[in-house]
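Atom set for the values below is all heavy atoms of this structure, side chains included, hydrogens, waters and symmetry mates excluded.
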Amino acid sequence: KFLKGVPSKNIKEQIDYQHWFLVITLLKQGIPYEVIKSATDSEFELLMGIMGALQQSEQEAMDREQRQNQMKGSI
C-alpha cells in the first residue's frame with residue numbers, strides 16, 4: 001500500500017515513513033517509547049485499532065452532545 005504524498009519510487013523511504021508516522025502517533029497518544037520499541041506488529045495493529053475505536057466513540061459522543069444542545073436551543 002502506497003501512502004499519499006510519499007514518493008512511490010523508494011520503498012524503503014515509504015516503510016521508514018510509515019514506521020515513524022506510527023511511532024509519533026503512538027507517542028502523541030501517550031504510549032511510552034519503551035512500549036513502542038518492544039511492540040510486535042500485531043500489538044501495533046491492536047493499539048491502532050483500539051485508538052481508532054476510541055476516537056470514533058469520542059466523536060460520536062461529541063456529535064450527540066452537539067445535537068442535544070441544538071435541540072435545547074430550538075425549544
[X] side, atom [atom1]; [Y] side, atom [atom2] - distance, nearest 0.5 Å:
{"X": "D16", "Y": "Q18", "atom1": "CG", "atom2": "CD", "result": "10.0 Å"}
{"X": "W20", "Y": "T25", "atom1": "CH2", "atom2": "OG1", "result": "12.5 Å"}
{"X": "M51", "Y": "K28", "atom1": "CE", "atom2": "NZ", "result": "10.0 Å"}
{"X": "L54", "Y": "I50", "atom1": "CG", "atom2": "CD1", "result": "7.5 Å"}
{"X": "L47", "Y": "L22", "atom1": "CG", "atom2": "CG", "result": "8.5 Å"}

Check whether any side-chain heavy atom of [X] lies under 4.5 Å from a side-chain heavy atom of [Y], and answer yes or no.
{"X": "M48", "Y": "L26", "answer": "yes"}
{"X": "E43", "Y": "V35", "answer": "no"}
{"X": "N10", "Y": "Q14", "answer": "no"}

Determine whether a donor-acceptor pair (N or O, by modelled atom type, separation under 3.5 Å) exists between the side chain of S57 and the backbone of A53.
no
Residues L27 and I31: closest non-hydrogen pair is CD2-O, 3.5 Å
Using distance alone, with no hydrogens and no angle criterion, decide if Q56 and E60 have a side-chain donor and acceptor under 3.5 Å apart.
yes
Show your reasoning for whether side chain to side chain contact (heavy atoms under 4.5 Å, CB included) applies to F44 and I36.
CA-CA 8 Å; F44 277 133; I36 296 169; 3.9 Å; yes
Sidechain N-carboxylate O distance under 4.0 Å for D63, R67
no
